[in-house]
Colleague: 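Questions regarding the structure given below will be posed in turn.
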Amino acid sequence: MQKETEIKLRASRETLLALREHPLLKKRNKSGWSRHELFNQYYDTPDRALAQARVALRLRRDGEQFIQTLKSRGQSVAGLSERNEWDWYLDKAKLDVKKLGDDCWPASLAELDKKTLKPIFTTDFVREKAEIAWGRGKTRVVIEAALDLGQVKAGKQSEEICELELELRQGEPEALLELAAELAADLPLMPCDISKAERGYRLYDADGYSLQLPAPELTPGMALDDAIVALGWQLLGNSQRLAEQYRFNGRWKLLGEWLHQLIELRALLGSLGQAAPRASSRELRELLDMLIQDWRPRVEAGQDDEGGRKAAPAQFTDELGRTRWGLLSLKASLWLLQRRWTQGRNARGDRQGAAELGKWLPHLLAEEAKALQLLRYQQQPEDLTEQSPRMERMLVWLHLARGVLELPETDRLYGELAKLHEMARQALDEAAREQRVEQAHRVWTLKAWKLLEK
């Protein structure tokens, strides 16, 4: 068994050509580019038992060589993935189920009859690969860069494969992200948290692609710094999966959910006080602000405008043809992986970062609730829009971490505050004005709100 650490970046055909000649890769290319035609057949049971167990079974032909591979899904967030992988070199193109022993086979599939495994889909592509190496401080980094172009096919369905795959051979995972970010500054590259196998399963079953990562397990006693990592990865990973699925099928609801992840990530960064000094997140906040500024009006307008909804897929394709989305994703990944907000912060910031979430969060929410002054906006509802960022900062924590709060009816508090925030962003006529007043009063009278304002 070996551990595979890699990042996949979706690209266009033009970008693949440009990557081959990119100065950074040319300078660090130690092997030259070699060309391989890879033919891959994936296997599963008719009810997709392997997929449910988060493993993929593949038989590959590379020239005259046949390779049987079993991969575990492992940890995969924002395009950066770590998987366990087992390879067996075979004499012929026939699956050898005897190789799938207890040392690699998931315990959850122990009772599975391996004779029920059958071909499900194929991923056939041309791979141009090269060894990229350089010195990073006192360590040497070796990465296999692969330019993949081909197709996934499941029955009569097919989808193009067009991506850059960077696999770590030597060095730290940060090196993968650093190289990817340098390339993404010049070329549109989108970190893609979906493997070729997942693409095949998605063609086989259009609803089989999970849009949400598992929610992190937050506890009252965990440090704020650890909560930042957990929530940051969740929001970033969810945004990647939603973007990929919207690109794939253009369903309007997914675009709104993608935007919501970005808004929550922006609110999270803005809520951290001295635990994450503003200078440490300035670049991320600026990139997020640009994306939200462009996409929020389109999504809001599209709620009542069919023309706006129809125009959005082409606009999103244009977005993916720019560098800012991929660059944001990669820089945010590095920020989280290296905990950059902790670097150079003062002693008070260190104390806040080490504070228990169950003690820090009520204090944050109390400060925001008092500053919101809902009583004032019951008399001046027209000014409530200016408080949208403050409500977003409260909402992201009430949404993702309310389980650590000792407040009554936190679900209701989140729901009613979310309604008020939505009203604050709508155009104001006399009817909307009255609705804002009523909703502000409703939130203000909640027992949980009264406890926060004490």
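Predicted model only: the values in this text are computed from it and were never measured. Residues take their numbers from the sequence shown, with the count starting at 1.
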Colleague: Determine, for Arg266 against Glu392, whether the closest basic-nitrogen to carboxylate-oxygen distance falls under 4.0 angstrom.
Modeller: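 So Arg266 does not pair with Glu392 through a salt bridge.
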Colleague: What are the two closest non-hydrogen atoms of Leu407 and Ala448, and how far apart are they?
Modeller: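 Closest approach of Leu407 to Ala448, heavy atoms only: CD2-O, 4.1 Å.
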Colleague: Let me check something: any side-chain donor-acceptor pairs from residues 223-231 under 3.5 Å, sequence neighbours excluded? List them with distances.
Modeller:
from, atom 1, to, atom 2, distance (Å)
Asp225, OD1, Trp341, NE1, 2.9
Asp225, OD1, Arg345, NH1, 3.1
Asp225, OD2, Arg345, NH2, 2.6
Asp226, OD1, Arg339, NH1, 3.1
Asp226, OD1, Arg339, NH2, 2.9

Colleague: Counting N and O atoms only, with roles assigned by atom type, does the side chain of Asn29 sit under 3.5 Å from a partner on the main chain of Gly32, one being a donor and the other an acceptor?
Modeller: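 Checking the backbone N and O of Gly32 against the side chain of Asn29, a donor-acceptor pair under 3.5 Å is found.
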Colleague: I'd like to know if the side chain of Glu198 and the backbone of Ser195 have a donor-acceptor N/O pair within less than 3.5 Å.
Modeller: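 Side chain of Glu198 to backbone of Ser195: a pair is present.
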Colleague: Looking only at the side chains, is there a donor atom on one of Trp397 and Ser271 sitting less than 3.5 Å from an acceptor on the other?
Modeller: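 The answer is yes; a qualifying pair exists.
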Colleague: Output every pair passing side chain to side chain donor-acceptor pair (under 3.5 Å) with a member in residues 137-147, not counting sequence neighbours, ordered by first then second residue.
Modeller: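 Counting only pairs at least two positions apart or across chains, the side chain to side chain donor-acceptor pair (under 3.5 Å) contacts touching residues 137-147 are Glu144-Arg169.
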Colleague: Nearest 0.5 Å, please: how far is OG1 in Thr15 from CZ in Arg20?
Modeller: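 Nearest 0.5 Å value for the CZ-OG1 distance: 15.5 Å.
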Colleague: Find the distance between CD (Glu182) and NE2 (His22) and round it off to the nearest 0.5 Å.
Modeller: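 Spacing of CD (Glu182) from NE2 (His22) equals 8.5 Å.
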Colleague: Would you give the length of the straight line joining atom CG of Leu179 to atom CG of Leu330, rounded to the nearest 0.5 angstrom?
Modeller: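 It is 10.0 Å, given to the nearest 0.5 Å.
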Colleague: Would you say the side chain of Met423 lies within less than 4.5 Å of the side chain of Leu384, judging by non-hydrogen atoms?
Modeller: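 Heavy-atom side-chain distance check fails, nothing below 4.5 Å.
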Colleague: Out of curiosity, Leu259 CG to Leu254 CG, how far, rounded to the nearest 0.5 Å?
Modeller: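 Result: 12.5 Å between the selected atoms.
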Colleague: Going by the rule side-chain contact (heavy atoms from CB on, under 4.5 Å), which residues pair with Glu422 if we only count those two or more places apart in sequence or in a different chain?
Modeller: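 With neighbours one apart ignored, the set is Gln426.
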Colleague: Does Ala49 offer a backbone N or O that forms a donor-acceptor pair with the side chain of Thr45 under 3.5 Å?
Modeller: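 Here the side-chain-to-backbone pair exists.
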Colleague: Would Lys118 and Asp44 pass as an ion pair if we require N to O under 4.0 Å?
Modeller: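 Here Lys118 does not pair with Asp44 in a salt bridge, since their nearest N and O are not under 4.0 Å apart.
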Colleague: When rounded to the nearest 0.5 angstrom, what is the spacing between CD1 in Ile143 and CZ in Arg28?
Modeller: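 Between Ile143 CD1 and Arg28 CZ, I get 8.5 Å after rounding to 0.5 Å.
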Colleague: May I ask you to test the Ser280-Trp335 pair for a side-chain heavy-atom distance under 4.5 Å?
Modeller: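 SC-SC contact between Ser280 and Trp335 confirmed.
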Colleague: Could you check whether atom CG of Asp91 has more than 12 heavy atoms from other residues, nucleotides or ligands sitting under 6.0 Å from it?
Modeller: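 Atom CG in Asp91 is not crowded, with 12 or fewer foreign heavy atoms closer than 6.0 Å.
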Colleague: For Phe316, enumerate each residue passing the ring-ring contact (aromatic ring centres under 6.0 Å, His included) test, keeping only those at least two apart in sequence or located in another chain.
Modeller: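 With neighbours one apart ignored, the set is Tyr246, Trp258, Trp295.
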Colleague: Could I get the full list of side-chain contact (heavy atoms from CB on, under 4.5 Å) partners for Ser34, not counting sequence neighbours?
Modeller: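 Ser34 satisfies side-chain contact (heavy atoms from CB on, under 4.5 Å) with His36, Lys129 only.
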Colleague: Ion pair present between Arg296 and Glu300, side-chain N to carboxylate O less than 4.0 angstrom?
Modeller: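 Yes, Arg296 and Glu300 are salt-bridged.
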Colleague: Answer yes or no: are there more than 12 heavy-atom neighbours, outside Lys114 itself, under 6.0 Å from its atom NZ?
Modeller: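 Counting other residues, nucleotides and ligands, NZ of Lys114 exceeds 12 neighbours.
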Colleague: Output yes when Glu174 and Arg340 qualify as a salt bridge under the 4.0 Å nitrogen-oxygen rule, no when they do not.
Modeller: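 Salt bridge: no.
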Colleague: Less than 3.5 Å apart, any donor N or O on the side chain of Arg436 or Gln439 sitting next to an acceptor on the other?
Modeller: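 Distance-only check fails for Arg436 and Gln439.
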Colleague: Is the CD atom of Glu306 crowded by more than 12 outside heavy atoms at less than 6.0 Å?
Modeller: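 No - once you tally the heavy atoms of other residues, nucleotides and ligands closer than 6.0 Å, there are 12 at most.
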Colleague: Going by heavy atoms in the side chains, are Lys115 and Val97 under 4.5 Å from each other?
Modeller: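 SC-SC contact between Lys115 and Val97 ruled out.
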Colleague: If you take the centroid of each ring, where Trp contributes its six-membered ring, are Tyr42 and Phe121 closer together than 6.0 Å?
Modeller: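 Close enough - the centres of the two rings lie under 6.0 Å apart.
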Colleague: Any side-chain donor-acceptor pair under 3.5 Å between Gln240 and Ser329?
Modeller: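 There is such a pair (donor and acceptor under 3.5 Å, judged by atom type) between the side chains of Gln240 and Ser329.
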Colleague: Would you say the ring centroid of Trp86 lies under 6.0 angstrom from that of Trp105?
Modeller: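 Here the rings of Trp105 and Trp86 have centres that are no less than 6.0 Å from each other.
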Colleague: Are side-chain heavy atoms of Gln303 and Trp252 found at a separation under 4.5 Å?
Modeller: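 Side chain of Gln303 against side chain of Trp252, heavy atoms only: contact under 4.5 Å found.
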Colleague: I'd like a table of donor-acceptor pairs (distance under 3.5 Å, sequence neighbours excluded) in which one partner is a side-chain atom from residues 147-157, with atom names and distances.
Modeller:
from, atom 1, to, atom 2, distance (Å)
Asp148, OD1, Arg127, NE, 2.8
Asp148, OD2, Arg127, NH2, 2.8
Asp148, OD2, Lys196, NZ, 3.0

Colleague: What is the distance from atom CH2 of Trp33 to atom NZ of Lys26, rounded to the nearest 0.5 Å?
Modeller: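 One gets 11.0 Å once the value is rounded to the nearest 0.5 Å.
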Colleague: Determine whether Thr69 and Leu59 make a side-chain contact, defined as any pair of heavy atoms from C-beta on separated by less than 4.5 Å.
Modeller: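 They are not in side-chain contact.
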Colleague: Is there side-chain contact between Tyr43 and Leu95, with heavy atoms separated by less than 4.5 Å?
Modeller: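 Answer yes - side chains close enough.
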Colleague: Take a 6.0 Å sphere around CZ of Arg425 and say whether it holds more than 12 heavy atoms from other residues, nucleotides or ligands.
Modeller: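 For Arg425, atom CZ is crowded (more than 12 foreign heavy atoms under 6.0 Å).
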Colleague: Report yes or no: does Asn40 contribute a side-chain atom to a donor-acceptor pair with the main-chain N or O of Arg61 at less than 3.5 Å?
Modeller: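 No, because the side chain of Asn40 does not come within donor-acceptor range (under 3.5 Å) of the backbone of Arg61.
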Colleague: Should Leu117 and Leu50 count as side-chain neighbours, where that means a heavy-atom distance under 4.5 Å?
Modeller: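 Leu117 vs Leu50: side chains touch.
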Colleague: Looking at Leu187 and Ala18, what are the two nearest heavy atoms and their distance?
Modeller: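 Distance-wise, the nearest heavy atoms are CD2-CB, 3.8 Å.
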Colleague: Counting heavy atoms not belonging to Arg285, are there more than 12 under 6.0 Å from its CZ?
Modeller: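 Buried by this count: over 12 neighbours within 6.0 Å.
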Colleague: Using a strict 4.0 Å threshold on nitrogen-to-oxygen distance, state whether Arg393 and Glu368 make a salt bridge.
Modeller: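 Yes, Arg393 and Glu368 are salt-bridged.
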Colleague: Check this for me, if you would: do Glu319 and Arg247 make a salt bridge, where the nitrogen-to-carboxylate-oxygen distance has to be below 4.0 angstrom?
Modeller: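 No.
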Colleague: Do the non-hydrogen side-chain atoms of Gln68 and Arg58 ever get within less than 4.5 Å of each other?
Modeller: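 The answer is no, as the side chains (C-beta and beyond) never meet within the 4.5 Å cut-off.
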Colleague: Without swapping roles, check the side chain of Ser239 against the backbone of Leu262 for a donor-acceptor pair under 3.5 Å.
Modeller: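 No.
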Colleague: Would you call Arg199 and Glu163 a salt bridge, taking side-chain N to carboxylate O under 4.0 Å as the test?
Modeller: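 Looking at Arg199 and Glu163, the cut-off is met.
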